[in-house]
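Written out below as structure tokens is the structure these notes cover.
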Amino acid sequence: MPKITYIEPNGNESVVDVPEGWTLMQGATSNGIDGIEAECGGSCSCATCHCYVETHADKLAAASETEEAMLTNVAAERRPNSRLSCQIKAIAELDGMVVRLPAAQS
Amino acid sequence: MAIVIIGAGQAGLQVAEALRSDGYDGAITMIGDEPRPPYQRPPLSKAYLLGEFTEAQLTLRAPEVLARKNITLLSGVSVTAVDRAAKQVRLSDGRAIDYAGLCLATGSRPRPLPVPGADLANVLPLRTLADTRAIAAILPKTERVLVIGGGFIGLEFAAVARKLGKEVVVLEGAERLMPRAVTPMMSEFFRKLHVDHGVAVELNAAVSRLTGAEGKVAAVCTADGREFPADLVLVGIGILPNVELAQATGLECERGIVVDACSRTADAAIVAAGDCTARRLPDGSLLRLESVQNAIEQGKSAAAALLGKERPFVASPWFWSDQYDVKLQMVGLANGHDRTVMRGAPASHKFSAFHYRGDVLLAVDSVNRPEDHMPARKLLDQGLSPSFAQVADLGIPLIAR
Ligand SMILES: Cc1cc2nc3c(=O)[nH]c(=O)nc-3n(C[C@H](O)[C@H](O)[C@H](O)COP(=O)(O)OP(=O)(O)OC[C@H]3O[C@@H](n4cnc5c(N)ncnc54)[C@H](O)[C@@H]3O)c2cc1C
Ligand code: FES
């Protein structure tokens with residue numbers, strides 16, 4: 001299982017084994033990591049699962065048109081490494097990836 | 001002071017977690033009659049039946065997380081009575097638990113189909129994981145799916161069944177689809193969408209009875225004498241809020257447990273959140289919402305209220321639905337609108353309908369236009385109304401940057 005490090009807004013770091021096929025959002029919410037709200041449960045409809053991708057960006061598929069559109073209106077600052085964590089599926093190549101969570105999701 | 005939460009769904013979980021993040025460190029007991037920890041319902045009628053999700057992925061929090069937050073979850077047990085005088089709830093297993101603060105988060109249940117034959121095998125609702133498992137078990141042996149009720153759940157399921165290659169008929173009693181939730185223009189858009197995907201959509205279809213063979217459903221009959229053969233019948237004709245506990249203990253219930261904007265009931269020790277409630281608006285009317293956002297927002301308000309704080313639910317209501325490759329996102333309440341301004345053309349499958357009363361924006365329905373939905377939420381939350389010309393011109397952003 002790829003290990004993903006989530007850095008919460010307060011600086012807390014959690015390393016989570018996210019099963020392959022799960023999204024980074026599911027890995028975070030099921031483990032009770034604060035800083036991801038995920039109101040729509042991964043339907044790419046709420047933009048409350050925003051994260052900043054700190055590593056492994058080259059291993060990710062590009063954001064879909066819908067994700068791009070949702071990202072234009074995230075609550076926190078949008079940066080070049082902004083993604084919606086519900087649109088990133090854990091795969092072996094992402095082992096060791098680090099994502100940072102923004103201070104606000106809504 | 002001990003807090004008891006009845007119902008372990010989206011709202012119940014939100015209340016428990018919000019109590020902790022608001023700094024409450026006393027006892028929290030959440031009691032749910034389903035035999036599993038809180039999970040998400042929206043995927044049940046969407047990706048889940050396509051095999052895109054596992055059960056574990058539906059679970060909102062792993063049980064260890066609840067334990068870590070010191071939230072006691074009693075699963076597979078129901079609350080049978082609330083004794084407000086003794087400040088105690090009684091459980092189906094004979095136990096009684098005292099409370100200082102109580103939250104009713106009992107959700108809702110599918111409205112039963114009131115016609116003969118509704119109890120035949122393979123006539124199923126879609127509310128719980130157990131319902132979905134029952135559907136998944138018979139789908140492989142099913143060729144003809146009949147959906148009673150052209151609301152969100154019925155239509156989402158129809159889309160899934162088409163993707164799985166089933167023959168699908170949708171019977172809707174009203175003259176248009178999703179009549180309570182969307183405007184006639186949107187009803188027509190979705191009717192056409194489903195027809196284009198090979199669904200037979202029958203409007204004004206009053207189901208009069210279901211007939212069966214060997215205990216299993218075989219056909220659905222309508223009042224005008226038509227008969228639709230079916231191997232599986234999905235009943236999606238709305239929900240009934242679970243108000244019985246509240247009613248029995250004398251709390252005001254009208255289309256739901258009546259709460260104020262802060263999720264409070266008339267009993268200072270009792271709050272309520274989610275599908276089971278009806279919220280009293282400033283003008284005195286009652287608003288019933290059946291959505292994740294409502295469960296979350298009311299859950300946060302309810303937790304605050306239990307701790308003596310006011311956190312009113314003021315955000316504009318929003319909702320989404322996924323059908324085929326169409327994402328519908330709605331925000332606001334269109335009731336009473338007298339003008340609709342289009343942004344984009346329906347034929348393009350990428351458009352938004354902006355509903356106004358006078359020049360005040362009331363609601364925005366977006367089809368595959370998340371770039372409109374998100375700013376629309378901001379505009380409505382801030383009480384701002386873009387001009388008609390601005391909305392109608394795709395080249396002008398909704399919010400100036
Ligand atoms: C198939 C489906 C698709 C949906 N899609 C969407 C969508 O796309 N977008 C959206 O916003 N919303 C959607 N919804 C609605 C959304 O899921 C609900 O509004 C939300 O789950 C409400 O949460 P709740 O906690 O109030 O109720 P529930 O999630 O129903 O939780 C209440 C729980 O309390 C339990 N309970 C009831 N009485 C008792 C008792 N006496 N003792 C113990 N436990 C009890 C119930 O069994 C249940 O487990 C969908 C719903 C369904 C069924
Ligand atoms: S969870 Fe809603 S957009 Fe990711």
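All chains are named by letter (A, B, ...) in the order of the sequence lines, taking the proteins before the strands, and each is independently numbered beginning at 1.
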Q: Output the option from B:Thr54, B:Thr59, B:Leu60, B:Asp372 having the highest count of non-hydrogen pairs under 4.5 Å with chain A.
A: B:Leu60

Q) With only heavy atoms counted, which part of B:Ala295 is less than 4.5 Å from chain A, the side chain, the backbone, both or neither? A) neither

Q. Non-hydrogen atoms of chain B under 4.5 Å away: do they reach the side chain of A:Glu39, the backbone, both or neither?
A. both

Q) Can you say whether A:Glu65 sits under 4.5 Å from chain B via the side chain, the backbone, both, or neither, judging by heavy atoms? A) side chain

Q: Pick whichever of B:Glu17, B:Lys46, B:Lys327 has the most heavy-atom pairs under 4.5 Å with chain A.
A: B:Lys327

Q) Is the NZ or CZ atom of A:Arg83 positioned over A:Tyr52's six-membered ring, under 6.0 angstrom from the centre and within 45° of the axis? A) no

Q) Would you call B:Leu19 and B:Ile28 a side-chain contact if the rule is heavy atoms closer than 4.5 Å? A) yes

Q.
Quick check for you: to the nearest 0.5 Å, what is the distance between B:His373 atom NE2 and A:Thr66 atom OG1?
A. 12.5 Å

(Q) For a salt bridge (charged side-chain N to carboxylate O under 4.0 Å, His left out) check, start with the C-alpha distance between A:Asp17 and A:Lys3, then their side-chain angles and the critical distance, and finish with the verdict. (A) CA-CA 5 Å; A:Asp17 290 312; A:Lys3 281 192 194 308; 2.9 Å; yes

(Q) Strictly distance-based, threshold 3.5 Å: is any side-chain N or O of B:Asn368 a donor or acceptor partner for the main-chain N or O of B:His349? (A) yes

Q.
Salt bridge check, B:Arg41 against B:Glu34: does any charged N sit closer than 4.0 Å to a carboxylate O?
A. yes

Q | Under 3.5 Å donor-acceptor, B:Arg343 side chain and B:Val391 backbone | A | yes

Q) Contact part of B:Arg377 toward chain A, heavy-atom cut-off under 4.5 Å: side chain, backbone, both or neither? A) side chain

**Q.** Top contributor to chain A contacts, counting heavy-atom pairs under 4.5 Å, from B:Ser21, B:Ala47, B:Pro375, B:Ser291
**A.** B:Pro375

Q) Does a side-chain N-to-carboxylate-O contact under 4.0 Å join B:Lys350 and B:Glu371? A) yes

Q | Neighbour count >12 (heavy atoms, 6.0 Å) for atom CZ, A:Arg100 | A | no

Q.
Assess, by modelled atom type and distance only, whether the side chains of A:Ser106 and A:Glu37 contain a donor and an acceptor separated by less than 3.5 Å.
A. yes

Q. Would a 4.5 Å heavy-atom cut-off, applied to side chains only, mark B:Gln329 and B:Trp318 as touching?
A. no

Q. So which bits of residues 64-71 of chain B come within less than 4.5 Å of chain A, counting non-hydrogen atoms only?
A. B:Val65, B:Arg68, B:Lys69

Q: Check each atom of B:Gln40 against the heavy atoms of chain A and say whether the ones under 4.5 Å are side chain, backbone, both or neither.
A: side chain

Q) Given that the side chain runs from C-beta out, which part of B:Pro42 has a heavy atom under 4.5 Å from chain A: side chain, backbone, both or neither? A) neither

Q.
If I measure from the heavy atoms of chain A, does B:Gln57 come under 4.5 Å with its side chain, its backbone, both, or neither?
A. both

(Q) Using heavy-atom distances under 4.5 Å, tell me whether B:Ile296 contacts chain A through its side chain, its backbone, both, or neither. (A) side chain

